[in-house]
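One structure below.
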Amino acid sequence: MPFPPNRLLLLLRRRRRSRLLLPLHPQKPSFSSSSSSSSAAAAAEEEDLLGGTDHSGEAPTLAKLGFEPPFPTDFAPNHGGLVEEDPRVLRLGVCHALAREGRLKEVRRILRQITDEEGSGSAPFICQMLLYKFREWDSNTIVWDMLANAYATSKMILDALYVLSKMDSLTMQASISTYDSLLYSVRCTDIAWELFQEAKAHGLVHSEYTCNIVIDGLCKQHKLVEAIDFFQQARERKEFRPCIMTFNALMSALCNVGFVQVAKSFIPIMLKYGLLPDRYSYSTLIHGLCIVGSMEEALELSEEMQKSGMELDMITFNSLINGYRLLGLMSEVWKLIQMMIQQGLQPDLVTYTILITGLCEKGNVEEGLRMRMEILSRGFELNIVTYSVLLNALCKRGLVHEVEKLLNEIETIGLDMDIVAYSTLVSGYCKLGEIERALQVCKIMCSKRVMPNLFTHRSILSGLCKKGMLVEARWYLENLANKCQVNDITLYNVVIDGYAKVGDVNNAVRLYEQAIKLGLEPTIVTCNSLIYAFCKVGNLTMAESFFKTFELKRLVPTVVTYTILMDAFCEAGNFDSMLKLFDEMVGKSIVPNAITYSVVIKGLCKHGMFQKAIHVLHDMHIKDVTTDQITYNTLIQGFCEVSNTEMAFRIHDNMLQHGVVPSPVTYNLLINVLCLKGRVKHAEMLLNSLVEKGVDLRKFAYMTIIKAQCAKGMPYKAILLFDRLINAGFKVSIKDFSSAINRLCKVYYLDEAKMLFKMMICFGIRPDQKLAAVMCNALNKKNDFCSLYVLQALIVKGGLLPWVLTKDPG
DNA sequence: GTAGGGTTAG
């Protein structure tokens with residue numbers, strides 16, 4: 001007997017809430033809903049078989065696992081339910097007859113047909129047929145064993161276990177191959193390991209496949225340490241002879257976590273067993289090397305593969321292509337595709353998806369969409385993976401309309417959205433601040449039985465936090481923890497960071513402590529957010545203290561940790577501490593990135609060390625650190641703050657030379673510095689040239705010039721620009737009108753102030769008390785009583801208190 | 001054995 005089924009059921013009992021649930025037959029009666037006395041007796045027998053009555057008074061284990069067999073209400077012994085003519089009985093009879101003749105292949109085929117037709121939950125019914133019609137047949141054991149095997153190979157695990165438990169009660173012995181089939185079927189669940197241990201504890205002999213199945217299962221469950229340990233021990237005890245598939249499984253699992261060199265070390269072991277690496281071994285290792293960015297080594301290995309007589313196939317080519325994509329080297333991607341075509345292989349959907357991903361990552365969604373048309377024109381159909389890539393890119397660009405179009409397309413062609421596609425959409429809507437829409441998507445996916453996972457929940461939490469809805473985020477998190485038992489530190493990280501961003505140190509720390517109490521391990525991300533929280537409220541002592549505490553906990557600081565602390569010291573004006581941290585970081589071989597350098601540049605500028613700041617920028621170019629808009633803006637801002645217009649513009653030119661497109665913030669800075677230096681005309685010229693070029697500008701750029709024009713006595717230009725601002729589609733507020741009107745009043749351009757005031761009324765914006773007071777006082781001083789009366793009437797009509805007419809709030 | 005969703009810093 002390979003293993004005792006009742007013991008297995010006890011194992012299963014411990015996993016009542018495991019994910020291993022069979023699809024239910026909701027319309028079929030369950031044990032508990034049974035009403036007839038005979039069915040109650042049968043139910044009692046079932047309970048006995050299932051390992052005795054549960055003393056807690058709960059239903060039997062299988063029933064708790066969602067197993068609701070049709071028996072006993074529609075079929076029971078001595079109940080007349082079994083009729084000779086039942087085709088299933090006849091087929092089981094045929095099986096017995098064939099088994100007697102040793103025609104086992106045919107028996108297997110018929111039993112597979114029966115189990116597939118009857119579906120999950122049918123085991124009790126079929127067992128009853130075998131039990132009451134064929135008990136005395138000498139071919140009985142073979143048929144029972146093959147029935148268990150049929151259920152196991154059809155992934156109806158609980159049915160297989162049920163048959164085995166029945167066999168156990170009838171003192172029939174199941175075969176090792178049935179045991180292996182069952183083990184194979186459950187190998188991806190944590191049941192497999194205990195199943196094996198139980199079998200071992202009972203001194204059962206393994207087949208030559210058993211250990212290979214266990215290793216494969218452990219690898220697929222990402223239990224790498226256990227898999228390797230098991231492999232070593234089984235080898236030492238000479239319990240098995242590993243096959244090539246086992247080596248490939250181990251190497252694949254290692255590669256997937258980035259341990260490609262460890263994976264490679266399995267090759268000599270393979271050779272010792274007389275096994276030569278096959279195309280799967282090579283492509284697994286090549287894939288592993290590609291995902292860690294070791295492209296040179298990957299190419300070397302692909303050459304070795306070819307020398308061994310194996311041509312590169314699509315999968316290996318795609319791995320290499322994706323490797324270059326991951327490094328952002330799209331030119332190499334194209335080269336490899338050319339090479340692939342030269343070798344007679346046409347790009348497949350995976351190749352195209354990698355290409356689209358690469359294009360989208362470079363910000364070229366339009367080209368990605370065009371590529372989609374090319375795929376269709378080549379006769380391919382897009383799958384949900386390709387659509388997810390496009391959806392993600394469109395969401396990130398905020399192209400909601402295009403997203404909707406693509407979703408319609410997915411629906412029209414009848415493609416099912418999977419968990420990744422739905423999560424992408426949820427995340428996309430969250431990033432766009434459309435939480436309600438994201439939650440609607442969640443509802444839809446649940447209704448389609450695609451359940452939200454960690455990614456989905458994290459996106460929702462992140463979206464709530466970014467909107468400042470921390471109460472809701474906390475509520476959502478606690479609901480997840482209580483109801484769904486989803487306890488993952490990354491979910492806590494998101495909310496802890498949410499608190500950190502608004503400077504709510506107390507709640508950030510409290511939530512952190514709550515996570516620790518739950519037994520969750522903090523990560524460096526948790527730590528970084530807490531350090532950020534203390535920095536945000538200016539408590540650098542606590543920030544440093546937390547930093548040291550986490551280091552003691554062996555959490556390794558990252559470039560993010562150092563950058564947070566450096567920025568805080570920079571903001572506090574503690575230049576020396578900032579540089580000390582920078583040196584400490586470099587000393588630990590942590591490589592500074594663009595964000596770190598921008599903090600350093602900011603610090604140097606604040607300290608008046610502009611030459612050094614420029615030097616850092618050059619240094620970044622030499623070290624091939626990507627400079628972005630913020631890097632340049634930081635330096636431009638530095639020069640603007642000391643009114644060095646010339647240098648600010650030179651940095652802007654340098655930015656263009658390096659192919660970095662200035663952001664709206666760049667132009668805000670440049671226009672502002674021109675206005676501050678009194679060069680309002682230059683500022684306007686710059687603005688005009690930018691508008692002509694179709695450059696994306698912010699309201700700030702317009703308003704900066706308008707305010708300067710008002711203050712410098714250029715009221716008509718200001719009014720015209722105000723008009724252009726409105727025509728450009730910007731929304732104007734009372735604040736914008738007030739800032740212009742106030743300045744005009746200050747320099748006594750009252751007629752123009754009145755014009756803007758009228759313009760404001762025309763736009764349906766009512767003056768507030770402060771603006772009304774400014775206007776009234778100015779009119780009073782100029783003795784413009786006529787206008788004053790009109791204004792007063794307007795104010796009274798608008799419901800503003802009359803006292804504003806005599807008081808100037810300043 | 002190949003492609004998709006992701007928490008932290010300027």
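Numbers restart at 1 for each chain; the letters A, B, ... are given by sequence-line order, proteins then strands.
- Across dG6(B), dT2(B), dA9(B), the shortest atom-to-atom separation from the side chain of Phe455(A) is found for dG6(B).
- Checking dG10(B), dA3(B), dA9(B) against the side-chain heavy atoms of Asn593(A) singles out dA9(B) as nearest.
- No engagement by Lys536(A) is indicated, since no non-hydrogen atom pair under 4.0 Å with the nucleic acid exists.
- Using a cut-off of 4.0 Å between Lys/Arg side-chain N and Asp/Glu carboxylate O, Glu409(A) and Lys405(A) are scored as not salt-bridged.
- Not a single donor-acceptor contact under 3.5 angstrom links the side-chain atoms of Thr424(A) to the base of dG5(B).
- The distance from atom CD1 of Ile496(A) to atom C1' of dT7(B) is 10 Å, rounded to the nearest whole Å.
- Of the candidates dA3(B), dG10(B), dG4(B), dG4(B) carries the atom nearest the Ser388(A) side chain, counting heavy atoms from C-beta on.
- Aromatic rings from Tyr562(A) and Phe582(A) are positioned such that their centres are separated by 6.0 Å or more.
- In this structure, Ile375(A) places its CD1 atom 13 Å from C1' of dG4(B), rounding to the nearest Å.
- Contact annotation: Arg458(A) does not reach the phosphate of dT8(B) (side-chain N/O to OP1 or OP2, under 4.0 Å).
- Salt-bridge annotation for Glu571(A) and Lys536(A): absent, with no side-chain N of the basic residue lying under 4.0 Å from a carboxylate O of the acidic one.
- For Asp348(A) and dG1(B), the CG to C1' distance is 13 Å, given to the nearest whole Å.
- Salt-bridge formation is detected for the pair Glu551(A)/Lys588(A): a Lys NZ or Arg NE/NH1/NH2 atom is positioned less than 4.0 Å from an Asp or Glu carboxylate oxygen.
- Using a 4.0 Å cut-off on heavy atoms, the residues of residues 597-606 of chain A that approach DNA chain B are Ser598(A), Val599(A), Lys602(A), listed by number.
- Residue Thr561(A) is out of contact with every strand shown, counting any heavy-atom pair closer than 4.0 Å.
- Thr316(A) comes within contact range of at least one nucleobase, with a heavy-atom separation under 4.0 Å.
- Counting only heavy atoms from C-beta on, Val385(A) has its side chain closest to dA3(B) among dA3(B), dG6(B), dG10(B).
- Distance from the side chain of Asn493(A) is smallest to dT7(B) among dA3(B), dT7(B), dG10(B).
- Within the 4.0 angstrom heavy-atom criterion, no nucleotide atom of any strand lies near Asn248(A).
- Close placement of the Phe610(A) and Phe639(A) rings is indicated, their centers lying within 6.0 Å of each other.
- At dA3(B), none of the side-chain N or O atoms of Tyr324(A) fall inside 4.0 Å of OP1 or OP2 (strictly under the cut-off).
- Ring orientation note: the planes of His658(A) and His621(A) are close to parallel, at an angle under 30° on the 30°/60° scale.
- Nucleic acid contact for Thr634(A): none, since no nucleic acid atom lies under 4.0 Å from a heavy atom of the residue.
- Contact between the side-chain N/O atoms of His287(A) and the OP1/OP2 oxygens of dG1(B) is not found at any separation under 4.0 Å.
- In this structure, the nucleotide among dA3(B), dT2(B), dG10(B) sitting nearest to the side chain of Asp567(A) is dG10(B).
- Minimum atom distance to the side chain of Val494(A) is reached by dT7(B), of the listed dT7(B), dG1(B), dA9(B).
- Taking a cutoff of 4.0 Å between a charged side-chain nitrogen and a carboxylate oxygen, Arg437(A) and Glu404(A) qualify as a salt bridge.
- Distance, Leu390(A) CG to dG5(B) P: 12 Å, rounded to whole Å.
- Across all strands shown, Ile384(A) has heavy atoms under 4.0 Å from base atoms, whether or not it also approaches the sugar-phosphate.
- Of the candidate nucleotides dG1(B), dA9(B), dT2(B), dA9(B) has the atom nearest to the side chain of Thr563(A).
- Note on Asn633(A): nothing from the nucleic acid sits closer than 4.0 angstrom, heavy atoms only.
- Salt bridge absent: Lys553(A) and Glu521(A) never bring a charged side-chain N and a carboxylate O closer than 4.0 Å.
- Within 4.0 Å of Ile630(A), counting heavy atoms only, lies at least one base atom of the nucleic acid.
- Thr596(A) and Thr563(A) are linked by a side-chain donor-acceptor pair at a separation below 3.5 angstrom, with hydrogens and angles left out of the test.
- Ser281(A) and Asp278(A) form a side-chain donor-acceptor contact under 3.5 Å, judged by distance and modelled atom types alone.
- Taking only side-chain atoms of Val420(A), from C-beta outward, the nucleotide of dG5(B), dT7(B), dG1(B) with the closest atom is dG5(B).
- Note: CG (Asn528(A)) to P (dG6(B)) measures 19 Å, nearest angstrom.
- Residue Thr490(A) places no side-chain atom within donor-acceptor reach of the base of dG6(B), judged by atom type and a 3.5 Å distance cut-off alone.
- You'll find that the side chain of Lys501(A) is closest to dT8(B), out of dG1(B), dT8(B), dT2(B).
- The CG-C1' distance, from Asn318(A) to dT2(B), rounds to 5 Å in whole Å.
- In this structure, Tyr387(A) atom OH and dG5(B) atom P are separated by 18 Å, rounded to whole Å.
- Among the heavy atoms of the strands, none lies under 4.0 Å from Ala500(A).
- The CG-P distance, from Asn392(A) to dA3(B), rounds to 16 Å in whole Å.
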